[in-house]
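Single-structure report; data block below.
Side chains included, hydrogens not; waters and symmetry mates left out as well; all remaining heavy atoms used.
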There are 2 protein chains.
Amino acid sequence: MTPTTARRSPGRPRAGVNQAVYAATLRTVHDVGYARATVERIAAAAGIAKTTVYRRWPTKGALIVDCLLDAFGPAPLGATDPGTATGTAGGNTESGTDLGSAERGALIESGIRWIAGRIGQPGVGDAFAGVFSDAVSDPALRELLASRFQDPYRQALQEALGEPEQRVLFLIDTVVGTLLHRLGMTGEPMSDTDVDALVAMVRRFFAAPE
Amino acid sequence: MTPTTARRSPGRPRAGVNQAVYAATLRTVHDVGYARATVERIAAAAGIAKTTVYRRWPTKGALIVDCLLDAFGPAPLGATDPGTATGTAGGNTESGTDLGSAERGALIESGIRWIAGRIGQPGVGDAFAGVFSDAVSDPALRELLASRFQDPYRQALQEALGEPEQRVLFLIDTVVGTLLHRLGMTGEPMSDTDVDALVAMVRRFFAAPE
DNA sequence: CGAGTTTCGATACCTAAGGTAGCGCAACTC
DNA sequence: GAGTTGCGCTACCTTAGGTATCGAAACTCG
């Protein structure tokens, strides 16, 4: 991230507090819930001023999206890096290697368990459900969430599975929707037993032997 | 609803505007989105004062929940009426008739198509996603939504399918979560093709021949 | 008809939260 | 040292949920 070759521009450099802000965001969301995790509280938890937050992120939603990107990191598929995806540049649906049923199933299973694990981390699930909720009635945030958060993973999945976009989107709806609905209705992440059931159901549908 | 036998209590009777308020709520949500569908706007659309709304519903969330109950109505299973459920009185898991695999599948399929159809109605899906979103960081609203909205349908499903509570809750997470995630991410209800896929996936898991 | 009761509409108000503007100061490059 | 950029701070605007109050309307009962 630190530009080694480019010369630094004049003026006071930005304090390296992004990671502190992300950590403060998750901590605050975990402590007081998404709605009460105001930008002012998050800034206070990070030890900076509220205006500094708004100098770096245009809206609260953008902050949460970046925080989630940082918390999730790249998908464990070895394909695309979510941080550097170009967005609408998709085109290479041909993934070279055709996977067998068992391999596809294993890939899907590891992906589900990966997402379930992240959502179960303190603050992450709440933040995820929170932005998603806000996005429902905020088209700009919805666009941001779809392009910056969902698309990279969707693209990586498409390439890894060799499935068309529509089908991968349905897969994401199924897995993420189920996990978020459970979290939203109960306030608790899904139990291991039910994650097992989700894995079984999705595997049977997306990686059936025939 | 109109008390025919009981004597009317003294004082000015309440104006029969509940249905008008529900209609105004869905219309307003559909027109301007959930977040901008303020109580003031809804009241104006219904032709009444904001204070009158708050005299009947303690919070905006309670209004939306009642509006959704009115829009969904009883489940098409012929079991429990969602309006008169007692809540934590459950106990009779024995449903008398044991359904075969095909019957269970048909029941699940009709249920999924029923929910998908309701969520597709203008305003209903947005209102549903909206309260759900608010409920994520509002425990009181979450409790209200779970007890008054989800529980009756859950109970009816338990009795109709003869399945344990945990499994029915997982079924609901799957179906409702998927539909809401699609609506939230795209702003549009799920296409018929994808609803077909959802039906196939859930049927295969919950009503497999063996 | 009149007394008591309850609801309605209207206005004003409180609070929380997202977001912006401007100021003085700090930190850096040239 | 001059210019430039970031920071903290304070003050402020707007929207929205929700409450308090008051006079007028609509009803029951005697």
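- Residues B/Phe206 and B/Phe170 are in side-chain contact: their nearest non-hydrogen atoms beyond the backbone lie under 4.5 Å apart.
- Residues in residues 185-198 of chain A take part in these salt bridge (Lys or Arg N to Asp or Glu O under 4.0 Å) pairs, two or more places apart or across chains: A/Arg113-A/Asp196, A/Arg182-A/Asp194.
- Rounded to whole angstrom, the span from the CD atom of A/Glu40 across to the P atom of D/dC13 amounts to 17 Å.
- DNA chain C lies under 4.0 Å from at least one heavy atom of each of the following residues of residues 41-50 of chain A: A/Arg41, A/Lys50.
- B/Phe205 and A/Phe205 have their aromatic ring centers separated by at least 6.0 angstrom.
- The distance from atom OH of B/Tyr54 to atom C1' of C/dG9 is 16 Å, rounded to the nearest whole Å.
- Between B/Lys60 atom NZ and D/dT15 atom P the separation is 15 Å, expressed in whole Å.
- At least one side-chain nitrogen or oxygen of B/Arg56 sits closer than 4.0 Å to the OP1 or OP2 atom of C/dC8.
- Take B/Asp138 and apply the salt bridge (charged side-chain N to carboxylate O under 4.0 Å, His left out) test, not counting sequence neighbours, and it matches no residue.
- At the heavy-atom level, A/Thr51 lies under 4.0 Å from base atoms of the strands shown.
- Comparing A/Tyr34 and A/Arg55 by the nucleotide of DNA chain C whose heavy atom lies nearest to each, the residue mapping closer to the 5' end is A/Tyr34.
- Contacts between residues 133-146 of chain A and DNA chain C, defined by a heavy-atom separation under 4.0 Å, are absent.
- Note on A/Thr52: a side-chain N or O is less than 4.0 Å away from OP1 or OP2 of D/dG8.
- Remark: A/Asp66 does not engage A/Arg56 in a salt bridge, criterion side-chain N to carboxylate O under 4.0 Å.
- Not counting sequence neighbours, the partners of A/Phe132 by the ring pair (Phe, Tyr, Trp, His ring centres under 6.0 Å) test are B/His181.
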Contacts under 3.5 Å, N or O only, protein and nucleotides 4-6 of chain C:
| unit_1 | atom_1 | unit_2 | atom_2 | d |
| --- | --- | --- | --- | --- |
| C/dT6 | O2 | B/Arg12 | N | 3.0 |

